[in-house]
Amino acid sequence: NQFAVTAASFMGFTGFTLVMPFLPLYIKQLGVEEVGEIALWSGLSLGVTPAVTAVLSPFWGRVADRFGRKLMVQRSLFSFVVVMGAMAYVTQPWHLFALRALQGLFAGYGGLTMAMAAESAPRDRLARALGLVQTAQRIGPALGPVIGGAVAGLVGLRETFFVTSGFYLVALALVTVLY
């Protein structure tokens with residue numbers, strides 16, 4: 001269980017940050033030419049997901065208490081697979097923004113994986129279990145932009161969204177099979 005939530009957290013948080021290094025370039029590719037507009041759409045698109053997530057996290061926590069944490073993590077990761085894949089098909093910057101907002105609507109797996117680690121760990125190893133998951137949740141965003149920049153250079157901007165979906169698919173599989 002500990003391995004499943006730690007590895008899934010790493011994969012998910014890495015995937016979340018894969019697109020950040022090239023998002024302004026992607027918005028330019030969508031036809032926005034003015035630098036100020038590119039910056040605005042980039043900022044809005046990057047900021048909306050964590051903003052919506054922050055507002056809805058207590059709600060998803062209550063739902064998880066009622067229906068189970070694993071199910072809510074699976075719901076969140078599955079939605080990320082779909083939404084990130086859909087981002088490869090956008091044609092307007094507002095499409096990207098809307099999908100990022102939708103992503104925030106279904107997010108919330110970070111706190112839930114912490115709770116899953118806590119409920120799975122023996123009492124004398126609780127701090128270690130939480131520390132491992134939190135480390136995975138910090139290392140992922142540290143490596144995600146580096147990986148994303150390299151992947152975008154190799155396969156292209158749009159195709160990197162499919163790679164990101166793959167990261168979430170692996171995280172979903174880890175939670176589903178191993179937890």
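- In this structure, NZ in K28 is found 5.0 Å from CD in E33, a value given to the nearest 0.5 Å.
- Proximity of a side-chain donor or acceptor of S76 to a complementary backbone N or O of M72 within less than 3.5 Å is not detected.
- With a 4.5 Å cut-off on side-chain heavy atoms, V19 and M87 do not count as touching.
- In this structure E37 satisfies the salt bridge (Lys or Arg N to Asp or Glu O under 4.0 Å) test with no other residue, sequence neighbours excluded.
- For the atom pair CG (L40) and OG (S45), the distance works out to 9.0 Å, reported to the nearest 0.5 Å.
- Transitive grouping of hydrophobic side chains (ILVMFWY, heavy atoms separated by less than 4.5 Å) brings L99 and I38 into a common cluster.
- L96 is listed as a side-chain neighbour of L23, based on a closest heavy-atom distance under 4.5 Å.
- Residue pairs satisfying the side chain to side chain donor-acceptor pair (under 3.5 Å) criterion with at least one member in residues 140-158, sequence neighbours excluded, are listed as follows: Y26-R158.
- Every residue two or more places apart in sequence or in another chain that forms a side chain to side chain contact (heavy atoms under 4.5 Å, CB included) with S57 is listed here: T53.
- Through direct or relayed side-chain contacts under 4.5 Å between Ile, Leu, Val, Met, Phe, Trp and Tyr, V35 connects to no other residue.
- Once rounded to the nearest 0.5 Å, the distance linking CZ of F13 with CD of Q137 reads 4.0 Å.
- Looking at heavy atoms from C-beta onward, P58 lies in side-chain contact with R62 at the 4.5 angstrom threshold.
- Taking each heavy atom of P93 and V32 in turn, the nearest pair found is CG-CG2, 3.4 Å.
- We find the CZ-CG distance between F106 and L77 to be 13.5 Å, quoted to the nearest 0.5 Å.
- S120 places no side-chain N or O within donor-acceptor distance of the main-chain N or O of A117, the cut-off being under 3.5 Å.
- The list of ring pair (Phe, Tyr, Trp, His ring centres under 6.0 Å) pairs with a residue in residues 111-146, not counting sequence neighbours, is empty.
- Residue pairs meeting the ring pair (Phe, Tyr, Trp, His ring centres under 6.0 Å) criterion with at least one member in residues 116-140: none, sequence neighbours excluded.
- Here L174 is tied into one hydrophobic group with F3, F10, M11, L18, I139, L143, I147, V151, L154, V155, V163, F167, V170, V177, L178, each link being a pair of ILVMFWY side chains closer than 4.5 Å.
- For the side chain to side chain donor-acceptor pair (under 3.5 Å) condition, the pairs that include at least one residue of residues 91-104, sequence neighbours left out, are T49-R100, T91-H95, R100-Q103.
- For the side chain to side chain contact (heavy atoms under 4.5 Å, CB included) test, residues two or more places apart in sequence or in another chain that qualify with K70 are Q74, M116, V175, Y179.
- F22 meets the ring-ring contact (aromatic ring centres under 6.0 Å, His included) test with F161; sequence neighbours excluded.
- With rounding to the nearest 0.5 Å, the separation of CG in D65 from CZ in R69 is 5.5 Å.
- Atom CG of residue L126 and atom CD of residue E119 lie 11.0 Å apart, to the nearest 0.5 angstrom.
- The backbone N or O of V73 lies less than 3.5 Å from no partner atom in the side chain of W60, so there is not a single donor-acceptor pair.
- Judged as a ring-ring contact (aromatic ring centres under 6.0 Å, His included), and not counting sequence neighbours, the contacts of Y168 are F80.
- At a threshold of 4.5 Å between side-chain heavy atoms, the hydrophobic network of Ile, Leu, Val, Met, Phe, Trp and Tyr places V55 and L46 in two separate groups.
- Shown here are the ring-ring contact (aromatic ring centres under 6.0 Å, His included) partners of Y89, two or more places apart in sequence or in another chain: F162.
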